[in-house]
> 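Take this structure, written in structure tokens, and hold onto it; I'll ask about it next.
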Amino acid sequence: EIKKANDLLAKGVKPEALYETLTKDGKGPAAIEKKDVAISPTAPWKGNKNAKVVIQEFSDFQCPYCKRVEDTVAEVMKNYGDKVKFYWRNFPLDFHQDAPLAAEAAVEAYKQKGNDGFWKMHDRMYAAQGTPEGIKRDNLEKIAQDIGLDMPKFKAALDQTSHKAEIDADTAAGKAAGVSGTPAFFINGYFLSGAQPYPKFRKLIEKALSEAK
């Protein structure tokens, strides 16, 4: 590289133009993947309802990486809560036996008690992940009772998988956008896959904010 630089100087390239000459054919960073992901009108959310930056998370209640990223999501909401609107989308993975019923429980909590009920159920199910009780049916019912849900309605919803079509629609939307694992995030369409550290979220949120002005 030193020889290459000296050769260019010998050919008359000015020292102040050396860097630009050496890098003019270089490749820049890969473009950040961006996709148009329709927002479900029935999806639970938090944050500012009028925010210009929308984050959608496709997630699974049995996924350990989804639980791991919860602290990062909490940091995002602490720092950007009034600047973003955060949507939850169900994406139970085929190999997680308890995930589909947990998704049913979450949707039923939302139907009964809105966003407040959903996020209470959400938090309790992630807290239960990895414990002996886990997110099996018995513990889902215990959590539902603790947060004040109508238990006959809750049990009927789980028995009949009443919200399967809605959960399947979320999963289909995720797959159409290229989601193959969880967690997966779209920040104004910018795709972020996996339990990424906070700086990765911050970079995309700041980019989205600057474009939304």
Side-chain angles (χ1 to χ4, degrees), residues 29-96 99-100 102-111 114-115 118-119 121-123 125-126 163-213:
I32 303 170
E33 191 174 4
K34 190 174 185 180
K35 299 191 177 182
D36 184 17
V37 185
I39 296 168
S40 168
T42 60
W45 62 274
K46 57 185 173 181
N48 180 357
K49 67 178 181 179
N50 298 315
K52 294 180 180 179
V53 175
V54 172
I55 303 173
Q56 297 190 70
E57 178 185 3
F58 287 82
S59 202
D60 169 314
F61 287 107
Q62 197 177 350
C63 167
Y65 299 102
C66 298
K67 179 175 181 175
R68 183 184 300 174
V69 83
E70 281 295 297
D71 287 343
T72 305
V73 170
E75 191 173 358
V76 166
M77 297 312 296
K78 177 183 176 182
N79 295 329
Y80 291 100
D82 62 337
K83 296 179 180 178
V84 301
K85 188 174 185 181
F86 187 101
Y87 283 97
W88 172 274
R89 308 293 296 274
N90 284 293
F91 199 92
L93 299 170
D94 293 339
F95 54 88
H96 282 160
E104 289 281 348
V107 177
E108 179 60 22
Y110 179 61
K111 299 299 182 187
N115 286 317
F118 170 81
W119 292 111
M121 176 63 77
H122 164 281
D123 292 349
M125 287 196 292
Y126 273 130
H163 309 299
K164 186 176 186 303
E166 191 172 320
I167 294 164
D168 287 349
D170 269 1
T171 301
K175 287 181 177 178
V179 176
S180 58
T182 55
F185 299 85
F186 293 90
I187 301 171
N188 273 17
Y190 288 115
F191 184 42
L192 187 62
S193 180
Q196 299 290 341
Y198 177 73
K200 293 282 187 74
F201 284 86
R202 183 179 60 208
K203 180 180 178 181
L204 291 183
I205 293 169
E206 291 292 342
K207 180 176 178 61
L209 283 170
S210 67
E211 293 172 349
K213 289 179 180 177

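Excluded from the calculations below are hydrogen atoms, water molecules and symmetry mates; all remaining heavy atoms, backbone and side chain alike, are included. Position 1 is the first residue of the sequence; numbering continues from there.
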> Do Phe201 and Phe185 make the cut of ring centroids closer than 6.0 angstrom?
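Yes.
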> Cation over ring, Lys67 on Tyr126, under 6.0 Å and within 45°?
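The answer is no, since Lys67 fails at least one limit relative to Tyr126.
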> Answer yes or no: is there a side-chain heavy-atom contact under 4.5 Å between Lys203 and Gln196?
no
> As an exercise, state the distance from NZ of Lys46 to CH2 of Trp119, rounded to the nearest 0.5 Å.
4.0 Å
> Which heavy atom of Met121 sits nearest to which heavy atom of Ala109, and what is that distance?
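Smallest interatomic distance, heavy atoms only, reads CB-CB, 3.8 Å.
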> Is Gln56 close to Ile39 at the side-chain level, that is, under 4.5 Å between some pair of heavy atoms?
yes
> Any side-chain to backbone donor/acceptor pair from Asn188 onto Lys52? Under 3.5 Å, distance only.
yes
> For Cys63 and His96, work out which heavy atoms get closest and say how close.
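Scanning both residues, the minimum pair turns out to be CA-CE1, 3.6 Å.
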> Which atoms form the tightest heavy-atom contact between Ala43 and Arg89, and what is the distance?
CB-CD, 4.0 Å
> Answer yes or no: are there more than 12 heavy-atom neighbours, outside Lys34 itself, under 6.0 Å from its atom NZ?
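Enclosed.
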> Indicate yes or no: at least one non-hydrogen side-chain atom of Ile167 is less than 4.5 angstrom from one of Pro100.
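Contact flag for Ile167/Pro100 side chains = no.
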> Rounded to the nearest 0.5 Å, what separates atom CZ in Phe58 from atom CG in Asp170?
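Answer rounded to 0.5 Å: 6.0 Å.
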> For Ala105 and Met125, which heavy atoms make the closest approach, and how far apart are they?
CB-SD, 4.4 Å
> How long is the gap from OH on Tyr65 to OG on Ser59, to the nearest 0.5 Å?
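These two atoms lie 13.5 Å from each other.
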> If you apply the rule side chain to side chain contact (heavy atoms under 4.5 Å, CB included), what do you find for Phe91 with Asp60, and how did you get there?
CA-CA 5 Å; Phe91 199 92; Asp60 169 314; 5.6 Å; no
> Compute whether any side-chain donor of one residue and acceptor of the other, for Tyr190 and Glu211, lie under 3.5 angstrom apart.
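Distance-only check passes for Tyr190 and Glu211.
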> As a quick check of understanding, evaluate side chain to side chain contact (heavy atoms under 4.5 Å, CB included) for Tyr80 and Val53, giving each step before the final call.
CA-CA 10 Å; Tyr80 291 100; Val53 175; over 6 Å; no
> Of the non-hydrogen atoms in Pro183 and Glu57, which two are nearest, and what is the gap between them?
CB-OE2, 3.8 Å
> How about Asn90 and His163: do any of their side-chain heavy atoms sit closer than 4.5 Å?
no
> Once you round to the nearest 0.5 Å, how far does NZ of Lys78 lie from CG of Asp71?
12.0 Å
> With side chain to side chain contact (heavy atoms under 4.5 Å, CB included) as the test, pick out the partner of Phe186 among Val179, Asp36, Val54.
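When Val179, Asp36, Val54 are each tested with Phe186, the side chain to side chain contact (heavy atoms under 4.5 Å, CB included) holds only for Val179.
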> Using side-chain heavy atoms (C-beta onward) and a distance below 4.5 Å, is Ile205 in contact with Ile55?
yes
> Roughly how far, to the nearest 0.5 Å, is the CZ atom of Arg202 from the OG1 atom of Thr72?
12.0 Å
> Hey, are the side chains of Cys66 and Phe61 touching, using non-hydrogen atoms and a 4.5 Å cut-off?
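No - every pair of side-chain heavy atoms lies 4.5 Å or more apart.
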> Output yes when a side-chain donor or acceptor of Asn115 lies under 3.5 Å from a complementary backbone atom of Trp45, and no otherwise.
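Yes, because the side chain of Asn115 sits within donor-acceptor range (under 3.5 Å) of the backbone of Trp45.
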> Give me the ring orientation class for His122 and Phe118: parallel if the planes are under 30° apart, tilted from 30 to 60°, perpendicular past 60°.
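If you compare the ring of His122 with that of Phe118, the planes turn out tilted.
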> Nearest 0.5 Å, what's the OG1-CG distance between Thr171 and Leu93?
8.5 Å
> Tell me if the NZ atom of Lys164 is crowded by more than 12 foreign heavy atoms within 6.0 Å.
no
